[in-house]
Amino acid sequence: SFMFAGCNDLGLTCNAAANTNKYDISSWDLGNAYSTAFMFAGSKIDYAKPSSNFWGGSGNGYNVLTGDVDANALNLVKDQVTVYMFANNKNITGFTLTTAMPVLQDASGMVAWCSKMSKVDMQGFSAPVLENAIAMFFGSCEGEGGTLSFKNASLPILSDARYMFYNTGYSDIDFEGCALLKLTNTQGMFASCDNLQSLGGDGAQTWNLSLNTDASYMFAGDRNLKAVNTANWGMDTVADISHMFEDCERLTSVQVAGWNVGALKYMEGAFYNSGITSFSAPSWNVVSLENAFMALAQCPNLASASMDGWKLNSLVNAAGMFKDDSSLSEISISGSAPNMEDCSGMFMGCVSLKKAVVPKLLSAKTSNASYMFDADTALTNVDAGNWTTSGVVYGQAMFRDCTSLSSLMSGSGATYTALQDAGCMYKNCKSLPSDALQAAVNRMKPAALKDAYETFCGAELCNQRDAGFYRTAGSIYHHGRRI
């Protein structure tokens, strides 16, 4: 451990075939070494606090080793720990390790921040007791078009793969024939891999993530990822998929229907700004889901979402869940959400949305429903038949600019007794019949109201006198006129 750590410009090489005047260590036999941690690591690594190095980065990098590294030649058969072994070497251009390391347990940061390492060959690599590969390739290969292969590798108990390939430049990370069955943490595993297109065809189809608890940011920022087969992942114990596929702009399909997500609590931004065209998960068991903030927002190609069987018993935050999904035409969520507090902007900017069947979505605990359907210009029908709105405090712009809305089904529970802000709430709802607008007026109570600016501006309110209780701060607006 630490043998040559920080020896900048030492320029060792580990490739017997290399035509170089550097000192060649490929003939070294490390067959009795049990730890090679930091052995050739660059000096920017904080040796006292190795975990802090996941975000430390290489900057300029150092030059302890140079050229292609053939780690097979070092005979690492008894090595248990290779933490940061080759990390932070700016002139390593390739890495090969295809033999067995039968006792290796921790390879965290092993070749992290090797910025020029464009080719990695670990085909057939076997590490039967390897558990940790945290940040193993973190920040390596800064250029485009690099390749990395774990094809037919054996990693039977690999569990912690956090940030394993984070911010790498490889276009293909090949896992074909490499089954990962014991993963417990995949947070940021492939995040910020801007050039990544695939995991070797269907390389991920044999993975089992039923023991995984955290898949947040797993593929976040992978703008060129075209496909990943997730159908058999299980996901039985996963609690967090927040930002899992965020900004995967070229990813059109993710197979999630078969996921068992009974433990899922957080899916904030899970598919935000992705290219998915549909989201089909009608049988998801989401009784533990608490946060779905912006979960499927800004997905411009999302045309359909199937989640009619969802039981949202624990959901607290659904703000912006489908915000700006410009292709979404219909949504149906029949389950109740008794603990929902915030659904602000939930369907805001869904300009193609025509019908929303959400009869039980609002409960007595819902305090913020502002901008819920704001600017949904194609929306004609909203089924809110069993809403309980007694707790809603913020309702501003709730249906603003829903110019096509002609049917708003509300039940006896839709009484806005706590409403403080009704500004622009029904502004420009010019297709809503006068009796529906009259009913909306009747459901509002003046006691708590503080802002009613342009509440019905542009709508055909049946009788101005019926809106008289809106005289807050001496003003009320109707058809854009102060009255």
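- When every heavy atom of A215 is checked against every heavy atom of M235, the shortest pair comes out as CB-CE, 4.2 Å.
- For the pair L158/L183, a side-chain contact is recorded, criterion being any heavy-atom separation below 4.5 Å from C-beta on.
- Looking at T455, its side chain does come within 3.5 Å of a backbone N or O of A422 through a donor-acceptor pair.
- Within the 4.5 Å cutoff, the side chain of C424 has heavy atoms near those of the E454 side chain.
- A donor-acceptor pair under 3.5 Å is absent between the side-chain atoms of D376 and the main chain of C402, judged by distance alone.
- The distance from the CG atom of L211 to the CG atom of L180 is 12.0 Å, given to the nearest 0.5 Å.
- Here CG of N291 is found 12.0 Å from NZ of K265. Values are rounded to the nearest 0.5 Å.
- Between F279 and F271, the ring center distance clears the sub-6.0 Å criterion.
- Counting all heavy atoms, side chain and backbone alike, R223 lies closest to R250 at O-CG, 3.2 Å.
- For the residue pair D121 / S149, no side-chain donor-acceptor distance below 3.5 Å is found, with atom types taken as modelled.
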Evaluate side chain to side chain contact (heavy atoms under 4.5 Å, CB included) for R443 paired with T389, printing each intermediate quantity in order. CA-CA 10 Å; R443 292 189 184 100; T389 58; 6.0 Å; no

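- Considering only heavy atoms from C-beta on, S274 stays 4.5 Å or farther from L251 through its side chain.
- Minimum heavy-atom separation, V228 to A204: CG2-CB, 4.1 Å.
- Contact of the M340 side chain with the L362 side chain is not registered, since no non-hydrogen atoms from C-beta on lie closer than 4.5 Å.
- Distance alone, capped at 3.5 Å, is enough to place a donor-acceptor pair between the S288 side chain and the G262 backbone.
- A distance of 8.0 Å separates CG of D325 from CD1 of I276, quoted to the nearest 0.5 Å.
- The heavy-atom pair separating W310 from P282 by the smallest distance is CD1-O, 4.1 Å.
- Side chain to side chain, N428 and D401 meet the donor-acceptor criterion of an N or O pair below 3.5 Å.
- In this structure, the side chain of W207 does not engage the main chain of N232 through any donor-acceptor pair within 3.5 Å.
- For N224 (side chain) and D194 (main-chain N/O), a donor-acceptor pair under 3.5 Å exists by modelled atom type.
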For Y170 and L196: C-alpha separation, side-chain torsions, deciding distance, then whether side chain to side chain contact (heavy atoms under 4.5 Å, CB included) applies. CA-CA 6 Å; Y170 303 107; L196 183 63; 5.5 Å; no

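- Between the side chain of T380 and the backbone N or O of K354, at least one donor-acceptor pair lies under 3.5 Å.
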Report the C-alpha separation of V129 and I157 in whole Å, then their side-chain angles, then the decisive distance to 0.1 Å, and conclude whether the side chain to side chain contact (heavy atoms under 4.5 Å, CB included) test is met. CA-CA 6 Å; V129 296; I157 66 168; 4.3 Å; yes

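- You'll find the side chain of D421 stays beyond 4.5 Å of the side chain of K450, heavy atoms only.
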Show the numbers, then the answer: is there a side chain to side chain contact (heavy atoms under 4.5 Å, CB included) between M101 and L130? CA-CA 9 Å; M101 295 186 67; L130 177 64; over 6 Å; no

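- Side-chain atoms of S242 and F293, non-hydrogen and from C-beta on, never get closer than 4.5 Å to each other.
- Around OH of Y416, the count of heavy atoms belonging to other residues, nucleotides or ligands within 6.0 Å exceeds 12.
- Heavy atoms from other residues, nucleotides or ligands lying under 6.0 Å from OH of Y217 number 12 at most.
- Here the side chain of S406 pairs no donor or acceptor atom with the backbone of S431 at under 3.5 angstrom.
- The minimum heavy-atom distance between D160 and N132, with the atom names listed, is CB-OD1, 3.4 Å.
- Only one option out of F190, F165, Y166, Y84 pairs with F138 in a ring-ring contact (aromatic ring centres under 6.0 Å, His included); it is Y166.
- Looking only at side-chain heavy atoms (C-beta outward), L405 and V382 come within less than 4.5 Å of each other.
- Between the side chains of D308 and S334, at least one donor N or O lies within less than 3.5 Å of an accepting N or O.
- Side-chain atoms of S370 do not come within 3.5 Å of backbone N or O of S344 as any donor-acceptor pair.
- At distances below 3.5 Å, at least one donor-acceptor pair connects side-chain atoms of S314 with backbone N or O atoms of V287.
- A distance of 8.5 Å separates CG in N208 from NZ in K182, rounded to the nearest 0.5 Å.
- Formation of a donor-acceptor pair under 3.5 Å by the T237 side chain with backbone atoms of S210 is found in this model.
- Using cut-offs of 30° and 60° on the angle between ring planes, the pair W233 and F219 is parallel.
- Contact between M267 and I241 at its shortest, heavy atoms only, is CB-CG1, 3.6 Å.
- Contact check for W259 versus L264: no side-chain heavy atoms found under the 4.5 Å cut-off.
- Side-chain N/O atoms of N339 and K365 include a donor and acceptor closer than 3.5 Å.
- Here the straight-line distance linking atom CG of N260 with atom CG of D236 works out to 4.5 Å at 0.5 Å rounding.
- Partner of N212 under the side-chain hydrogen bond (donor to acceptor under 3.5 Å, both in side chains) criterion, chosen from N185, T186, T184: T186.
- Between atom CD of residue E341 and atom CG of residue N317 there is a gap of 8.5 Å, rounded to the nearest 0.5 Å.
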